[in-house]
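First up is the structure itself, then whatever we jot down about it.
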Amino acid sequence: MGYLVERPLDLGRLVSLVTSPERGGVACFLGVVRNHHEGRGVARLDYSAYGPMAEAECARIVDEARARWDVAVALEHRIGPLEIGEASVAIAAASAHRDAAFAACRYVIEEVKARVPIWKREYFSDGTEEWVGAGHATG
């Protein structure tokens with residue numbers, strides 16, 4: 001599975017990848033482009049990544065979640081230009097019970113934000129722009 005995609009994210013598709021008759025709990029996270037950052041209006045943004053390293057780190061994070069909890073995990077992160085309201089990252093984690101699904105979902109998003117080399121360039125409504133994060137993007 002490729003973790004970086006340039007097309008709109010489909011959370012329903014990710015959920016379908018992790019659900020099964022023995023998994024009764026599904027937790028999801030959807031990161032959506034918001035219209036502000038630290039008091040400044042955001043007009044749009046652009047995600048860039050060091051592809052091979054980002055794909056490998058996403059795979060490691062998903063494998064870690066699977067090792068820590070009895071879960072199935074699907075993850076995708078969008079790259080390229082995004083408008084306000086578009087989904088930038090989607091995670092679905094499924095387990096027999098909700099506790100493991102919630103824990104795994106939270107683990108994956110926190111680790112993606114901390115470790116995956118993805119950069120966000122924000123274009124502010126005042127005409128300025130700024131790069132944010134490399135493995136520590138805010139969002």
Side-chain angles (χ1 to χ4, degrees):
M1 173 178 188
Y3 298 101
L4 304 178
V5 299
E6 295 185 35
R7 58 172 160 63
L9 300 178
D10 180 352
L11 184 59
R13 189 181 75 76
L14 295 183
V15 169
S16 73
L17 294 174
V18 298
T19 55
S20 69
E22 60 275 353
R23 296 185 190 120
V26 180
C28 299
F29 176 80
L30 193 62
V32 177
V33 178
R34 65 178 179 263
N35 67 355
H36 62 94
H37 178 74
E38 296 182 350
R40 300 170 73 187
V42 173
R44 62 186 172 86
L45 56 79
D46 197 338
Y47 278 105
S48 299
Y50 178 53
M53 185 180 287
E55 289 280 350
E57 197 63 27
C58 286
R60 272 190 286 278
I61 292 166
V62 167
D63 287 346
E64 290 166 8
R66 290 178 181 146
R68 291 179 71 163
W69 299 277
D70 184 14
V71 293
V73 176
L75 160 68
E76 286 185 337
H77 199 298
R78 185 104 181 258
I79 57 171
L82 282 84
E83 300 295 327
I84 304 302
E86 287 191 277
S88 57
V89 59
I91 299 163
S95 185
H97 302 286
R98 67 181 176 273
D99 287 345
F102 278 126
C105 191
R106 178 71 189 239
Y107 177 82
V108 170
I109 188 59
E110 297 300 340
E111 294 301 309
V112 165
K113 290 291 189 181
R115 296 167 37 190
V116 177
I118 294 175
W119 298 270
K120 179 169 61 174
R121 185 174 198 149
E122 290 184 317
Y123 296 87
F124 296 102
S125 52
D126 64 6
T128 61
E129 56 191 68
E130 184 175 298
W131 285 98
V132 177
H136 59 277
T138 58

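Along the sequence shown, the residues carry numbers beginning at 1. Please read these numbers as outputs of a predicted model, since none were measured by experiment.
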Exercise. Grab the two heavy atoms, one from I84 and one from A43, that are nearest each other, plus how far apart they are.
Key: CG1-O, 3.4 Å
Quiz prompt | Hydrophobic cluster membership, W119 vs M53, 4.5 Å side-chain cutoff | solution = yes
Exercise. Would you check if R60 and D63 make a side-chain contact, meaning some heavy-atom pair closer than 4.5 Å?
Key: no
Quiz prompt | Identified side-chain contact (heavy atoms from CB on, under 4.5 Å) partner of C28 from the options I91, V18, L11 | solution = L11
Self-check item: Rounded distance (nearest 0.5 Å) linking atom CZ of R115 with atom CD of E64
Solution: 4.0 Å
Self-check item: Under 3.5 Å donor-acceptor, S88 side chain and G31 backbone
Solution: yes
Quiz item: Is the backbone N or O of A104 less than 3.5 Å from a side-chain atom of R68, with the two atoms forming a donor-acceptor pair by type?
Solution: no
Exercise. State, to 0.1 Å, how close E86 and E83 come at their nearest heavy-atom pair, and which atoms those are.
Key: OE1-N, 2.6 Å
Self-check item: Minimum heavy-atom distance A49-A54, with the two atoms named
Solution: CB-CB, 4.2 Å
Practice problem: Find out if a path of hydrophobic residues (ILVMFWY) with successive side-chain heavy-atom gaps under 4.5 Å connects V5 to L17. | Solution: no
Exercise. Flag the pair E110 and K113 as a salt bridge only when some basic side-chain nitrogen lies within less than 4.0 angstrom of an acidic carboxylate oxygen.
Key: no
Quiz item: Any chain of hydrophobic side-chain contacts (each under 4.5 Å) joining F102 to V89?
Solution: no
Quiz item: Is the side chain of E55 donor-acceptor paired with the backbone N or O of L4 at a distance under 3.5 Å, no angle test?
Solution: yes
Quiz item: Looking only at atom types and distance, does a side-chain atom of S95 sit under 3.5 Å from a main-chain N or O of D70, one as donor and one as acceptor?
Solution: yes
Practice problem: Calculate, to the nearest 0.5 Å, the distance between atoms CD1 and OG belonging to I118 and S48 respectively. | Solution: 10.0 Å
Self-check item: Enclosure of F124 CZ (heavy-atom neighbours >12, cutoff 6.0 Å)
Solution: yes
Exercise. Please report the shortest heavy-atom distance between P81 and D46, naming the atom on each side.
Key: N-OD1, 3.4 Å
Quiz item: Side chains of L75 and I109: does their closest heavy-atom pair fall under 4.5 Å?
Solution: no
Practice problem: Step through the shown structure and confirm whether more than 12 heavy atoms of other residues, nucleotides or ligands are within 6.0 Å of CZ on R23. | Solution: yes
Quiz item: Which value, rounded to the nearest 0.5 Å, describes the distance between R78 atom CZ and R7 atom CZ?
Solution: 9.5 Å
Self-check item: More than 12 heavy atoms from other groups under 6.0 Å of CZ on R98
Solution: no
Quiz item: Can you hop from V73 to Y107 via hydrophobic side chains spaced under 4.5 Å?
Solution: yes
Quiz item: What's the shortest heavy-atom distance between Y123 and L45, and which atoms?
Solution: CD1-CA, 4.0 Å
Practice problem: Could you pull out the closest heavy-atom pair between A87 and L9, with the gap in Å? | Solution: O-CD1, 3.6 Å
Quiz item: Are any of the side-chain heavy atoms of H77 and Y3 separated by less than 4.5 Å?
Solution: no
Quiz prompt | E6 atom CD, over 12 foreign heavy atoms within 6.0 Å | solution = no
Quiz prompt | Sidechain N-carboxylate O distance under 4.0 Å for E130, R40 | solution = yes
Exercise. Report yes if the side chains of I61 and V116 come closer than 4.5 Å at any heavy-atom pair, otherwise no.
Key: yes
